[in-house]
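Following: one structure in structure tokens, then a few remarks.
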Amino acid sequence: MPSPPGGFEVPLWRALTVFRLASLAYVCVLAVRDADRYAHPYAVGALILLMIAWTGATAVGYARPAWRRWPLLLADLGVVMAIVLATPWVVGRTALAHGVPTLGVAWMAGPVLAWAVSGGRRRGTVAALLVAGADLATRERIGQSSFTGVILMLLAGVVVGHVARLAVSAEERLQRAVELEAATRERERLARDIHDSVLQVLALVQRRGADLPGEAGELARLAGEQEVALRALIAGAGPAAASLPDGGEAVDLRTLLGRYASAAVALSAPATPVPLPRRVAAELAAATGAALDNVGRHAGGRAWVLIEDEGTTVTVSIRDEGPGIPDGRLDEAAAQGRLGVTQSIRGRVVDVGGTVRIVSAPEAGTEIELSVPR
């Protein structure tokens, strides 16, 4: 079953709660140990109570996905930075100069990890820099140990943010895989049902009526074409418009030309995708469709479409067994205003930088080659 939204991030949020509780316990231990060295021990106690309350509030807040938003994230960062900035007054600069640790210690890394889990490396880095800047502002002297703490906090923000983004990416991929598996199973179930009913009926009509004259024969031919198209749809080569990726820059030409395959049109294509820019693929497919329309009107019979991927160029060949095109017929048609070949075929291909070659001879059929550069 699909994982719930944010399911892969749940362990990270729970780990964050455990970290904050453990770091809070460490702060309490240090506070008890250094109580007699603080400048304002009662203020330190009040801040520790605030830290306990805030740790509980964040544990409850971050446990709810709807609350993992900017209001809580900003409040978390603000509270921690305020406690860190209060350290020089409540602890005392003299005590800090003699090695007493700051009040936040490891606990102040809590919002850094929260920002990293919620937004990745960049957000974690921003929070780490802000908290580290507040910590450095509380010190009169900045030494190597101070920068070590800053580096460790930055590393925590970057690493945890990276892991969080990997978790989100893994969850999205798993969701897509589950949806694809469900769609495949449904398609297989529909294919079985269709095969047992519709396809068998269409095949029967095509066989029984193939030799009948008049409209009966035409209906048989149409039934055969629909059987081929339906089989292609079941196999996953459905209409091109339904298969196009909305935001993709390249389109598989096989998918666009697959809609022309039928009992009268045989399509041969490479086993691997033939990617082309969306506009180029669309124009090439439209020109192929126009050529097949001409075959249906003037040549009748069958047609063959071949897709060739030659690396730098892609060529689509349309061949028929019709009577051919007499010499000068295309120029005569253009002069009469019939621009099917000139505009619908040649014009489309030339507009995308391609070339068109037409080879025809009387009673020997016609072959049209549409080539476009990749």
Rounded to the nearest 0.5 Å, how far does [atom2] of [Y] lie from [atom1] of [X]?
X	Y	atom1	atom2	answer
Glu171	Leu174	CD	CG	7.5 Å
Arg69	Leu74	CZ	CG	13.0 Å
Glu9	Arg165	CD	CZ	5.5 Å
Thr313	Leu370	OG1	CG	12.5 Å
Ile83	Met51	CD1	CE	5.5 Å
Leu12	Leu16	CG	CG	9.0 Å

Check against side chain to side chain contact (heavy atoms under 4.5 Å, CB included), Thr355 and Val349: CA-CA 6 Å; Thr355 59; Val349 176; 5.7 Å; no
Test of understanding: clusters of I, L, V, M, F, W, Y form through side-chain heavy atoms closer than 4.5 Å, transitively. Do [X] and [Y] belong to the same one?
X	Y	answer
Val168	Trp67	no
Val117	Phe19	yes
Val112	Leu85	no
Leu306	Leu253	no
Trp70	Val131	yes

[Y] and [X], any side-chain heavy atoms less than 4.5 Å apart:
X	Y	value
Val352	Arg348	no
Asp34	Pro101	yes
Trp115	Leu73	yes
Ile358	Arg346	yes
Thr366	Asn294	no
Asp135	Val150	no
Val274	Asp252	yes
Val251	Leu276	no

So which atom in [X] and which in [Y] form the shortest heavy-atom distance, rounded to 0.1 Å?
X	Y	value
Tyr38	Val100	CE2-CG1, 3.8 Å
Leu96	Thr138	CD1-O, 4.0 Å
Ile307	Ala269	CD1-CB, 3.8 Å
Ala116	Ala164	O-CB, 3.8 Å
Gly104	Val27	O-CG2, 3.7 Å
Cys28	Ile48	SG-CG2, 4.0 Å

Lys/Arg-Asp/Glu bridge criterion (N-O < 4.0 Å) met for Arg176, Glu181: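 Answer for the salt bridge query: no.
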Step-by-step side chain to side chain contact (heavy atoms under 4.5 Å, CB included) determination, Trp13 to Ser118: CA-CA 9 Å; Trp13 290 108; Ser118 67; 4.0 Å; yes
Is it true that a side-chain atom of [X] and a backbone atom of [Y] form a donor plus acceptor pair closer than 3.5 Å?
X	Y	answer
Thr288	Leu284	yes
Tyr260	Ala285	yes
Arg302	Glu321	no
Arg254	Ala271	yes
Arg121	Gly161	no

Passing candidate, side-chain contact (heavy atoms from CB on, under 4.5 Å) with Arg14, options Val10, Val18, Thr17: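 Single pass found, and it is Val10.
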His40 and Trp89 aromatic ring geometry - parallel, tilted or perpendicular at 30°/60° bounds: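 Parallel: the ring planes of Trp89 and His40 meet at under 30°.
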Intermediate values then yes/no, side chain to side chain contact (heavy atoms under 4.5 Å, CB included), Arg20 and Asp76: CA-CA 12 Å; Arg20 300 189 85 145; Asp76 191 9; 2.8 Å; yes
Steps toward side-chain hydrogen bond (donor to acceptor under 3.5 Å, both in side chains) verdict (Glu179, Gln175): CA-CA 6 Å; Glu179 292 174 354; Gln175 182 70 20; 3.2 Å; yes
